[in-house]
Each structure stands twice: as C-alpha cells, then as structure tokens.
Amino acid sequence: MLNTAPSRLRRFIAARLSPEGQMGLHLTVGLALLVLAAWIFGEIAEDVVTGDTITLVDIQLAHWFHERATQGFTRAMLVVTHWNGIVGSSIMAALLALWFWRRHAHYWLIVCLVAVPGGMLLNVALKHVFRRTRPSFDDPLLSLMTYSFPSGHTAAATVFYGLLACYVVRRVRTWRVRALVTLGAVLMVMLVALSRMYLGVHYLSDVLAAVAEGAAWLAICITAVSTLHRRRLARGQTSWSERAHRAAAAEDLQ
C-alpha cells in the first residue's frame with residue numbers, strides 16, 4: 001500500500017511525458033506554454049495598468065524611434081505593417097487554409113480557421129478591456145484612433161507565423177531546417193513589432209504583450225485540436241485527414 005501512491009505518481013508523470021496517447025506530451029507542452037505566455041502577459045498588463053517602470057521605457061523608446069525616422073525606412077516599415085494588417089493577415093491565412101485543404105491536412109485547417117480570426121477577435125476584446133491610448137506626436141508618421149494595448153498586428157503575426165512554423169517543423173526531419181524555420185518565424189514577428197513601434201502607433205509593452213497573447217492563444221488552439229485528433233484515434237476512429245485521402249483515392253479509381 002505504501003508504494004501505491006509513488007507508483008501512481010510515476011505512472012502519471014510518465015503518461016504526461018509520453019509522446020503517445022491523447023493526454024501525453026503534446027498536452028503537457030501545450031499547457032506549459034499557455035501558462036508561461038499567460039503569466040508574461042499578466043505581468044506586462046499589470047505593469048502597464050500601475051504605471052510601472054516599463055511605461056517610462058515605452059515613452060523613451062517611442063521618442064527615440066520618432067526622432068530617428070527617415071523617409072526610406074518609413075516606407076519600408078509601412079510596407080511591413082500593411083502587409084501584416086487585418087487584410088494582409090486574412091489573405092495569408094486564407095491561402096494557408098487553402099493549402100491545408102488541398103493537402104487534406106484537416107486538423108491544421110481547423111487550427112488555422114480558429115486561431116487566426118479568433119486571435120483577432122481576442123485582441124479587439126483585450127484592447128477594449130485596457131483602453132490604452134496610443135503614442136502621441138506633433139508630426140505622427142501614422143495616425144490611428146483605436147486603442148493601443150496589446151498590438152493587434154503583432155498578435156496576428158505571432159499566431160500566423162507561429163502556426164506556419166509549427167506545421168513546417170512537424171513535416172521536416174533535420175534539426176537545422178527546423179531551427180531555420182523557427183528563426184524565420186521569430187524574425188518576422190520581430191519585424192512586425194518593430195514596424196509598429198517605429199511608426200509610433202505602439203509602445204514596447206504593447207508588442208511584448210501581443211507576442212505573449214498570440215503565443216497563448218495559438219497554444220490553446222493547437223493543443224485542443226491535437227487532443228481532439230488523438231481522442232479520435234484512441235477510440236479507433238479514422239482521422240479526418242486519412243478519411244479524406246481514402247475518399248480522394250476512391251474517386252481516382254472511378
């Protein structure tokens with residue numbers, strides 16, 4: 001009897017760290033990322049609400065960018081920011097969803113259809129919760145009337161490029177390619193965040209909180225859909241992707 005509790009604990013931990021099973025390693029990693037990202041967002045949000053040191057850094061950095069703005073770099077940052085706006089992100093997400101559909105990657109398709117528009121709606125809701133005004137300048141490079149915290153462009157970029165990186169990483173085998181894909185996704189998110197700060201429409205804390213928000217939301221979506229997929233397999237049901245492949249093969253034979 002004395003060994004029952006430790007044995008159960010060992011089995012529980014082993015099950016949580018196993019790459020197999022419907023409640024295995026994928027769920028553990030997903031929940032860990034969610035908790036970490038949510039904690040980071042909460043810490044930044046608290047500092048912004050209470051006017052902590054980060055808000056002073058926000059103002060100093062915003063003016064530093066504005067004082068060093070150049071015409072050529074401004075045009076480049078406008079291209080980046082518009083490319084990753086609501087319209088641009090929606091078009092890229094639609095193309096990615098089409099790719100998933102044509103590849104019969106139905107679980108990834110579900111993640112894409114839920115994560116990208118859902119993340120945009122979540123960001124709008126958070127903006128209205130915090131109601132933070134945007135940076136103000138006498139000669140602004142870009143003027144917007146909506147709220148500032150957290151950055152919608154940065155959050156959308158985190159979700160989209162994070163989703164794209166997760167898909168590619170799962171399909172390639174070499175660690176070098178995986179590292180390059182992950183680095184590329186990180187650099188794209190950083191570039192979008194830089195464009196928003198440089199153009200004077202967001203503070204540093206806005207984009208940092210947006211990255212945490214996007215990472216948390218993406219972790220929820222991928223973990224939930226992955227768990228759904230594994231539950232179907234555990235029940236002996238055919239996955240939607242395999243069912244679609246069989247249907248396509250049957251049509252080819254007709």
Side-chain angles (χ1 to χ4, degrees), residues 37 40-41 43-49 51-93 116 119-165 180-218:
I40 293 174
F41 179 88
E43 289 294 313
I44 297 174
E46 181 181 6
D47 291 346
V48 169
V49 171
D52 212 336
T53 305
I54 194 170
T55 58
L56 300 178
V57 177
D58 283 341
I59 296 174
Q60 293 173 355
L61 189 58
H63 284 280
W64 188 89
F65 276 122
H66 191 72
E67 291 169 359
R68 289 159 177 78
T70 63
Q71 187 175 6
F73 198 65
T74 299
R75 283 199 296 266
M77 290 295 97
L78 284 171
V79 171
V80 172
T81 206
H82 291 318
W83 176 18
N84 292 275
I86 294 178
V87 176
S89 295
S90 299
I91 293 175
M92 289 190 294
V116 177
M120 292 179 181
L121 292 175
L122 174 62
N123 185 265
V124 172
L126 289 173
K127 283 181 182 293
H128 283 83
V129 168
F130 293 98
R131 295 177 178 270
R132 187 186 194 185
T133 57
R134 294 184 183 272
S136 178
F137 302 98
D138 293 333
D139 52 341
L141 300 177
L142 184 64
S143 296
L144 297 173
M145 301 304 295
T146 52
Y147 296 117
S148 179
F149 184 90
S151 167
H153 283 62
T154 308
T158 302
V159 172
F160 176 78
Y161 294 113
L163 170 60
L164 184 59
L180 287 175
V181 169
T182 302
L183 178 61
V186 171
L187 290 178
M188 284 304 303
V189 173
M190 292 177 61
L191 182 60
V192 175
L194 173 63
S195 73
R196 303 307 284 170
M197 290 189 296
Y198 172 86
L199 293 171
V201 290
H202 281 295
Y203 295 110
L204 173 64
S205 56
D206 295 339
V207 299
L208 292 178
V211 172
E213 171 207 341
W217 176 246
L218 185 59

_I'd like to check V80 versus M77 (side-chain heavy atoms, cut-off strictly below 4.5 Å). Are they in contact?_
yes

*For the atom pair CD (E213) and OG (S151), what is the distance rounded to the nearest 0.5 Å?*
9.0 Å

*Is there a side-chain contact between F160 and M188 (heavy atoms, below 4.5 Å)?*
no

*Nearest atoms (heavy-atom pairs only) where T158 meets G214*: CG2-C, 3.9 Å

*Closest contact, heavy atoms only, T133 versus Y203*: O-CE1, 3.8 Å

*Would you call the rings of F41 and F149 parallel, tilted or perpendicular, where under 30° means parallel and over 60° means perpendicular?*
tilted

*Approximate separation, where rounding is to 0.5 Å, of H66 NE2 and L61 CG*: 13.5 Å

*Should we count CD1 of I86 as having more than 12 external heavy atoms under 6.0 Å?*
no

*Of all heavy-atom pairs between Y147 and K127, which one has the smallest distance, and what is that distance?*
O-NZ, 3.1 Å

_Beyond-backbone contact of L194 with F65, side-chain heavy atoms, under 4.5 angstrom_ = yes

*Any side-chain heavy atom of M120 sitting closer than 4.5 Å to one from S90?*
yes

*Of the options N84, V207, N123, which is the one that meets T154 in a side-chain contact (heavy atoms from CB on, under 4.5 Å)?*
V207

_One pair to check against side-chain contact (heavy atoms from CB on, under 4.5 Å): W83 and M92. What are the steps and the verdict?_
CA-CA 9 Å; W83 176 18; M92 289 190 294; 3.4 Å; yes

*Nearest 0.5 Å, what's the NE2-CG distance between H82 and L78?*
5.0 Å

*Measure the CD-CG distance between E43 and D52 for me, rounded to the nearest 0.5 Å.*
10.0 Å

_For a quick test of reading the model, state the closest non-hydrogen atom pair linking S89 to A156 and the distance between them._
OG-CB, 4.0 Å

*With the side chain counted from C-beta on, respond yes when V124 and H128 share a heavy-atom pair under 4.5 Å apart, and no when they do not.*
yes

*Does anything in residues 69-81 pair up under side chain to side chain donor-acceptor pair (under 3.5 Å), and if so which pairs, sequence neighbours excluded?*
T74-Y198, T81-R196

*What's the shortest heavy-atom distance between H202 and G152, and which atoms?*
NE2-N, 4.3 Å

*Under the salt bridge (Lys or Arg N to Asp or Glu O under 4.0 Å) rule, what pairs show up with a residue in residues 129-141, not counting sequence neighbours?*
D58-R132, R132-D206

*Where is the tightest heavy-atom contact between S148 and P135, given as atom of each residue plus distance?*
OG-CD, 4.3 Å

*Enter the distance from L187:CG to T182:OG1 here, rounded to the nearest 0.5 Å.*
11.0 Å

*Rounded distance (nearest 0.5 Å) linking atom CG of L163 with atom CG of L218*: 6.0 Å

